[in-house]
Structures are given as structure tokens and as C-alpha cells.
There are 2 protein chains.
Amino acid sequence: MSQTETKDRILDAAEGLFARQGYRGTSLRALTTEAGVNLASVHYHFGGKEALLKEVLLRRLGPLSKRRQANLKRLRGEPGAAAPCVRDVLRAFMAPTFVLCEGLPNEGAFSLLIGRILAEPEEPGRSYFLELVRPDLELFYACLKRAFPALPEPILLWRMHFCLGAMSHALSLRTAAVPPGIRELFPPAASAGAGGHLVSFLAAALEAP
Amino acid sequence: MSQTETKDRILDAAEGLFARQGYRGTSLRALTTEAGVNLASVHYHFGGKEALLKEVLLRRLGPLSKRRQANLKRLRGEPGAAAPCVRDVLRAFMAPTFVLCEGLPNEGAFSLLIGRILAEPEEPGRSYFLELVRPDLELFYACLKRAFPALPEPILLWRMHFCLGAMSHALSLRTAAVPPGIRELFPPAASAGAGGHLVSFLAAALEAP
DNA sequence: GTCTATAGATAGATAGAC
DNA sequence: GTCTATCTATCTATAGAC
């Protein structure tokens with residue numbers, strides 16, 4: 001087996017297991033068994049469990065952040081330009097996420113993992129995650145500020161946070177790992193087109209008086 | 001030390017530690033040390049770690065659900081009555097949560113714990129949590145349905161889910177356990193009045209075309 | 001009821017043969 | 001690079017003295 005193939009198999013298994021069972025709930029033994037590699041190969045290729053988690057995050061968030069940065073910087077435009085449209089700002093931030101998670105083989109595992117990290121304040125990997133997404137959040141806020149120059153800052157910050165919360169839950173709901181009990185509350189028809197519904201919903205909310 | 005005092009000390013410590021470090025990340029040793037009780041007393045009083053988690057949830061969710069049920073049933077009213085106002089429906093569901101979490105001594109620990117459980121599909125305690133809140137969610141949906149009789153069902157379900165996501169994040173943000181990196185994005189002024197901002201935000205969103 | 005001591009299982013990490 | 005074997009630490013749970 002080639003080096004990169006082994007690394008990829010470990011990364012894929014880790015993404016799925018960390019998402020479903022959590023970082024602490026996943027043993028390296030279970031992980032390497034699922035990946036079909038040897039127990040010691042995690043330490044050989046990544047250096048340890050925590051370093052593996054970082055690699056799992058970087059593999060997806062690197063390209064994702066690049067796309068978001070490009071979208072948002074275009075919208076922010078020059079200092080004197082016209083204010084961007086709300087829906088465009090929302091789409092610029094959120095569309096890359098939905099597109100990325102839709103295109104992955106292990107449907108929704110990564111978005112579930114992100115949802116967990118957002119909800120777990122002291123979990124390893126959290127600070128690394130924030131480091132990676134912080135520039136995106138700051139650009140997102142800058143664009144919202146331009147779209148709503150009259151809104152008081154604390155209110156705009158709250159609203160931005162509500163948007164992130166709604167997005168996070170929409171992403172979790174798309175996954176195959178939606179647990180029994182919630183899944184039955186939502187008919188299958190509701191599992192498609194999440195991104196579009198979300199943008200309409202949040203655009204109306206942001207324009208509240 | 002009296003029986004109930006020992007049990008309460010264990011429950012308080014468990015609520016805080018499960019919220020910050022997670023169920024798996026909290027050892028009974030750390031828990032009993034923080035509570036100032038003996039290691040074996042968890043098994044004596046509760047029967048084990050998982051049974052303790054259930055008690056932690058029931059202690060808060062029992063009274064909370066009772067209040068929500070009363071609020072929502074009043075709003076749902078009789079079959080022929082007028083449709084309820086959106087803001088009233090949102091308040092009926094959400095206000096008890098914010099009020100409860102505001103009044104607790106260990107500020108925000110419980111809401112953080114709920115946020116975790118929502119994000120962790122296979123964690124123990126999740127199915128028990130759903131069992132406890134399911135009646136509330138069904139009543140919430142019934143009230144929304146009455147307030148928006150013309151909205152297609154899948155769209156209303158999505159919107160309800162977005163509401164829950166935004167609420168969950170608003171609750172996490174209120175807590176003292178908001179991690180560094182996010183906290184600095186939100187000035188202290190934004191930490192008060194979350195419930196009110198949220199209702200305005202979501203009312204506008206639900207009324208989107 | 002509270003405590004000590006310990007059983008029994010499992011974790012991450014690593015040394016060394018091949 | 002891959003594998004086996006093993007070290008050391010830590011976990012939940014419980015038996016039994018007081």
C-alpha cells in the first residue's frame with residue numbers, strides 16, 4: 001500500500017468515526033481496524049491522535065476557507081462601492097460549505113464533526129478549528145456590516161451568531177447520521193435543498209426591524 | 001452529610017463537568033473530587049455513570065417541559081379559535097428555557113450541556129433527552145402550523161429546525177464557558193437580552209415568503 | 001452510608017523485529 | 001513502512017471493612 005493511500009484511509013476513517021462517536025469516543029484501535037491499517041501507522045504517519053484530528057480538519061477547511069475568502073472579498077469590494085445584497089452575503093459564506101459537504105463520499109460526516117466541535121468548548125482541536133475559520137468569520141461580519149450599516153453592532157453580532165447556529169443545525173440534519181428520534185420528525189422531503197431554504201429564512205431574519 | 005445534600009452535590013458537579021468536558025471526558029474520579037464526595041457514592045446513590053447523566057437531565061428538563069407544555073397548550077387553544085401570533089408561539093417555547101438557564105447558579109452549564117447533546121448523535125443520554133423533549137417539539141410544531149396554515153409542511157419543518165439551531169447557539173453563547181476565540185468576537189454587551197433578540201430575529205424569518 | 005482497595009477492561013504510545 | 005508485543009496509565013465498577 002502506498003504512503004498516501006494509507007494516510008488517506010486513516011483520514012477517511014477518522015473523519016467518519018470522530019463525527020459519529022466523537023474524538024474521545026473513538027479509540028485508535030477501532031479507527032485503524034475500520035481503515036484496514038495497522039495500529040502503529042497512525043503514530044508513524046501523523047505522530048499521534050491529536051495531530052491526526054488536526055489533519056482531518058485541515059484537509060477540508062483549507063480549500064473551504066479559500067473559496068469563502070474569495071467570495072466574500074469580492075463582495076466587500078472597494079471602500080466606496082455600493083452595499084452588497086443580503087442574500088449574496090449569505091450565499092458567499094454558506095454556499096461553499098453546503099457544496100463541499102454534498103460532494104463528499106461519506107455523506108455529511110464532516111459537517112457533523114464541525115457541529116460537534118462548535119458545541120464542545122474544551123475538546124482538543126477546537127482552538128485549531130477557530131484559528132482556521134476566524135478569518136472567514138471576520139470577513140463575513142465585515143460584509144454584513146456593509147449590508148446593514150445602520151444596525152447597532154451588538155444586534156448585528158447576535159444576528160450573525162443566530163445565522164451560524166441555524167447553519168450548523170441545517171448541516172447536521174443533512175447527514176446520514178441524523179439520530180433516530182429527530183429523523184422521524186423530519187420527512188425525507190425536507191432533507192434536500194437545505195441551503196436554499198436557509199438563505200431565504202436568514203435573509204428575512206436579518207432584515208427584521 | 002445528608003443523603004439529599006450528597007446527591008445534589010454530585011448532580012451539580014456532574015452538570016458542570018459534563019457540560020464543559022463532555023460525558024466521556026469526565027471521569028468519576030474528577031467528578032467526585034469536585035463534588036467533595038467519595039468515589040463510590042455515585043454508584044450507591046445513582047447506580048452508575050449513565051444513570052447519573054439521566055438524573056442530571058431530568059432534574060432540569062422535567063420542570064422546563066411542564067412550563068412549555070402549559071404555555072403551548074394555552075396557545076394552541078380550541079380547534080375553531082383564531083391563529084396564534086408568531087411571536088407568542090416563539091416566546092411560549094423559548095422563554096422558559098432562557099428563564100431557567102438564567103436562574104441557575106452555575107451560569108449556563110445546563111444550556112451548554114444541551115447544546116452538546118444536540119450535536120452528538122451517539123452519545124449516551126441522547127435518546128433519553130429526546131424522549132423528554134419530544135412532546136414539547138410536537139406541540140411547538142402544532143402551534144407553528146396553526147400560525148402558518150398556508151406554508152408547505154417540509155418548509156415549515158425546516159424553519160422550525162433553523163429556529164432550534166439558532167436557539168441552541170444563543171444558549172451556548174450566554175454561558176460562562178464560551179471558549180476563547182469566540183468570546184472575543186462578541187462584546188460583553190451582546191451577552192444580555194439574547195432571548196428578546198432571538199424572538200425578533202426568528203419571527204421575521206418565519207414570516208419570509 | 002461512607003470509605004479503601006482492587007478487580008477487570010481498555011486507552012495511547014512505543015520499542016524493536018522484519 | 002509495516003507489524004507484533006508490550007508498557008504505563010486510567011477508566012468504571014464492585015466487594016467488603018467500618
Side-chain angles (χ1 to χ4, degrees), chain A residues 1-59 113 116-117 120 122-128, chain B residues 1-59 113 116-117 120 122-128:
Chain A
M1 206 180 311
S2 75
Q3 287 185 50
T4 66
E5 193 188 337
T6 300
K7 288 187 74 166
D8 283 342
R9 290 172 72 148
I10 293 174
L11 285 169
D12 289 339
E15 184 173 271
L17 288 174
F18 288 166
R20 289 205 309 279
Q21 309 180 352
Y23 174 77
R24 288 198 153 95
T26 301
S27 70
L28 289 183
R29 283 171 175 79
L31 200 160
T32 48
T33 300
E34 168 127 336
V37 302
N38 187 268
L39 171 61
S41 59
V42 170
H43 286 86
Y44 179 79
H45 287 286
F46 298 95
K49 194 182 181 184
E50 196 161 334
L52 169 60
L53 175 60
K54 284 189 175 186
E55 278 295 318
V56 168
L57 293 176
L58 182 61
R59 180 170 67 146
L113 178 58
R116 292 188 81 117
I117 289 181
E120 298 170 357
E122 295 179 19
E123 211 68 3
R126 161 123 197 180
S127 58
Y128 185 64
Chain B
M1 205 182 310
S2 76
Q3 288 184 50
T4 64
E5 192 189 337
T6 300
K7 288 187 75 167
D8 282 342
R9 290 171 71 147
I10 293 174
L11 286 169
D12 288 339
E15 185 174 270
L17 288 174
F18 288 166
R20 290 205 309 278
Q21 309 180 353
Y23 174 77
R24 288 197 152 96
T26 302
S27 70
L28 290 183
R29 281 173 175 78
L31 201 158
T32 49
T33 300
E34 168 127 338
V37 301
N38 187 268
L39 170 62
S41 59
V42 170
H43 287 87
Y44 179 78
H45 286 287
F46 298 95
K49 193 182 180 182
E50 195 161 334
L52 169 60
L53 175 60
K54 284 188 175 186
E55 279 295 319
V56 168
L57 293 176
L58 182 60
R59 179 169 69 145
L113 178 58
R116 293 188 80 116
I117 289 182
E120 298 170 356
E122 295 178 20
E123 212 69 1
R126 161 122 200 181
S127 58
Y128 185 65

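Quick caveat, the model's predicted, so the values are computed rather than measured. Residue numbers start from 1 in every chain, and the chains themselves are labelled A, B, ... in the order their sequence lines are given, proteins ahead of strands.
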* Looking at every strand, decide which applies to Thr32(A) at a 4.0 Å heavy-atom threshold: base, sugar-phosphate, or nothing. => nothing
Return the nearest nucleotide to the side chain of [X]; candidates are [options].
X	options	value
His43(B)	dA13(D), dT2(C), dG12(C)	dA13(D)
Met1(A)	dC3(C), dT2(D), dT4(D)	dT2(D)
Asn38(A)	dT4(C), dT2(D), dA13(D)	dT2(D)
Leu39(B)	dT2(D), dA13(D), dA13(C)	dA13(D)
His45(B)	dG12(C), dC3(D), dT2(C)	dT2(C)
Ser27(B)	dT4(C), dA13(C), dC11(D)	dC11(D)

Specify the separation, in whole Å, of atom [atom1] of [X] and atom [atom2] of [N].
X	N	atom1	atom2	value
Leu28(A)	dA5(D)	CG	P	19 Å
Glu50(B)	dC11(D)	CD	P	18 Å
Arg29(A)	dA9(C)	CZ	P	15 Å
Glu5(B)	dT2(C)	CD	C1'	14 Å
Tyr44(B)	dA15(D)	OH	P	15 Å
Phe46(A)	dA13(C)	CZ	P	14 Å

* For dT2(C), does either OP1 or OP2 sit under 4.0 Å from a side-chain N or O belonging to Thr6(B)? -> yes
So, are [X] and [Y] salt-bridged, with charged N and O less than 4.0 Å apart?
X	Y	value
Arg116(A)	Glu123(A)	no
Glu5(A)	Arg9(A)	yes
Arg59(B)	Glu15(B)	yes

* Qualifying residue, where the test is side-chain contact (heavy atoms from CB on, under 4.5 Å) with Phe18(B) and the options are Ile117(B), Leu31(B), Leu57(B) -> Leu31(B)
* To do: Would you check if Glu50(B) and Tyr23(B) make a side-chain contact, meaning some heavy-atom pair closer than 4.5 Å?
  => yes
